[in-house]
Enquirer: 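Just passing along the structure, written as structure tokens.
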Amino acid sequence: MEFELIEQFFKPQQVKRQDVALGIGDDCALLTVPADHQLAVSIDTLVAGIHFWENADPVDLGHKALAVNLSDLAAMGATPAWFTLALTLPQPDTAWLTKFCQGLFALARQYQVQLVGGDTTRGPLCITIQVHGFIPRGQAILRSGARPGDLVFVTGCLGDAGLALQLRAAAPPSLQQKLHRPEPRIREGLLLRQLANSAIDISDGLAADLSHILSTSGVGATIQLEQLPLSTALLTHTDRPSAQMLALTAGDDYELCFTLPAEKSLLLEQSGIAATCIGVVEAQPGLRIVNASGEAIILEKAGYQHF
Ligand code: ADP
Ligand code: MG
């Protein structure tokens with residue numbers, strides 16, 4: 001049964017990379033890392049009932065399970081190469097698997113990332129993906145590289161996925177798209193390798209994720225509430241203060257937050273990356289959020305907490 005599923009759903013793939021000496025079918029995959037590169041590895045699990053609704057569209061799930069992993073590669077400036085998939089299914093539902101693979105492999109094709117192995121088991125629905133990417137040795141963008149004086153940027157808009165999560169089926173399609181079909185910022189991550197001092201992807205909310213950069217770098221920051229990039233769709237469906245709170249604390253945006261020295265901001269503009277400057281890194285530890293009048297904003301809840 002397990003072997004039939006693997007043959008039917010996971011072995012046939014359009015992405016066939018030269019650096020895969022041996023893919024699905026043996027006890028291990030055999031993979032070749034290019035000379036003078038480091039392998040960037042990351043893993044993420046989606047659990048039914050926790051990270052997604054039991055009745056979620058399997059096409060979306062296939063996309064999202066890979067997208068959230070690619071987002072981690074993007075945050076380090078890695079080029080995606082391979083992934084493995086550990087799938088736990090309540091029953092071998094071929095209609096579900098067909099759709100899941102449709103979403104999964106469409107994104108895999110887009111980034112030329114090849115499924116090279118995995119594990120298939122029976123149990124409560126759970127999807128784990130591990131991705132592997134390449135970074136020229138020593139060029140990864142770390143969380144620990146932020147320096148006082150750096151400007152703080154975010155890509156895209158924040159809070160859309162958070163409102164979609166609140167409104168569920170009542171959310172407009174563009175917000176649902178942001179929640180269910182996040183686009184990993186791979187292109188941006190690669191360009192940022194030459195520019196950014198630090199980066200993280202926003203999975204648990206801007207305040208929480210930026211705070212990881214700050215504590216790891218031993219610095220602080222002040223960000224401007226009014227500078228947070230908010231989409232028209234978000235502002236159409238909620239008031240500005242709620243939108244700003246979502247942008248700060250809601251997870252699932254999968255945009256990049258990064259810092260770079262002020263003298264590189266012109267290069268950033270020329271790079272074509274759509275990013276907004278939201279604040280500045282300072283020596284004094286901690287994250288400070290101020291409104292247009294310079295008053296401090298206190299957050300009750302910094303972001304999504306897993307436990
Ligand atoms: P083993 O018993 O040696 O762990 P399995 O029977 O679990 O091997 O898997 C057989 C082959 O199929 C292996 O190459 C494994 O990587 C691959 N495989 C199993 N499940 C998946 C999956 N969900 N996606 C991709 N490859 C898979
Ligand atoms: Mg196995």
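When a ligand or atom number is given, it counts from 1 through the structure's own listing order. Bear in mind that the values here come from a model prediction, so they are computed numbers and not experimental data.
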Enquirer: Just which atoms of ligand 1 are under 4.0 Å from any heavy atom in Phe3?
Expert: 6 (O)

Enquirer: Enumerate the ring-ring contact (aromatic ring centres under 6.0 Å, His included) contacts for residues 138-194, please, sequence neighbours excluded, ordered by first and then second residue.
Expert: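 Only Phe153-Phe258 qualify under ring-ring contact (aromatic ring centres under 6.0 Å, His included).
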
Enquirer: Going by distance only, is there an N or O of Leu115 that falls short of 3.5 Å from an N or O of ligand 1?
Expert: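 Looking only at distances, the answer is no, because the N/O contact criterion of under 3.5 Å is not met.
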
Enquirer: Taking non-hydrogen atoms only, is Thr120 closer than 4.0 angstrom to ligand 1 via side chain, backbone, both or neither?
Expert: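 For Thr120, the contact with ligand 1 is made by both the backbone and the side chain.
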
Enquirer: Count the heavy atoms belonging to other residues, nucleotides or ligands that lie under 6.0 Å from CZ of Arg288, then report whether that count exceeds 12.
Expert: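 Yes, CZ of Arg288 has more than 12 neighbouring heavy atoms, counting only those of other groups under 6.0 Å.
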
Enquirer: With a cut-off of 4.0 Å, which atoms of ligand 1 are near a heavy atom of Ile24?
Expert: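 Going through ligand 1 atom by atom, the ones under 4.0 Å from Ile24 are 12 (O), 14 (O), 17 (C), 25 (C), 26 (N).
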
Enquirer: Run the numbers for me: atoms of ligand 1, each under 4.0 Å from some heavy atom of Asp26, listed by number.
Expert: 13 (C), 14 (O)

Enquirer: For ligand 1, is there an N or O atom under 3.5 Å from any N or O atom of Leu87?
Expert: no

Enquirer: Any salt bridge between Asp252 and Lys64, counting N to O under 4.0 Å?
Expert: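 Judged by the 4.0 Å cut-off on N to carboxylate O distance, Asp252 and Lys64 do form a salt bridge.
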
Enquirer: Find all atoms of ligand 1 within a distance of less than 4.0 Å from any non-hydrogen atom belonging to Ile6, and give their numbers and elements.
Expert: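 With Ile6 as reference, the close atoms of ligand 1 come out as 12 (O), 18 (N), 19 (C), 20 (N).
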
Enquirer: Does atom CG of Asp36 have more than 12 heavy-atom neighbours, drawn from other residues, nucleotides or ligands, at distances under 6.0 Å?
Expert: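 No, not enclosed.
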
Enquirer: By side-chain hydrogen bond (donor to acceptor under 3.5 Å, both in side chains), which residues pair with Glu295, not counting sequence neighbours?
Expert: Asn291

Enquirer: Asp27 heavy atoms, cut-off 4.0 Å: which ligand 1 atoms fall inside?
Expert: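 What qualifies from ligand 1 is 3 (O).
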
Enquirer: Salt-bridge test for Asp60 and Arg181: reply yes if a basic N is under 4.0 Å from a carboxylate O, no otherwise.
Expert: yes

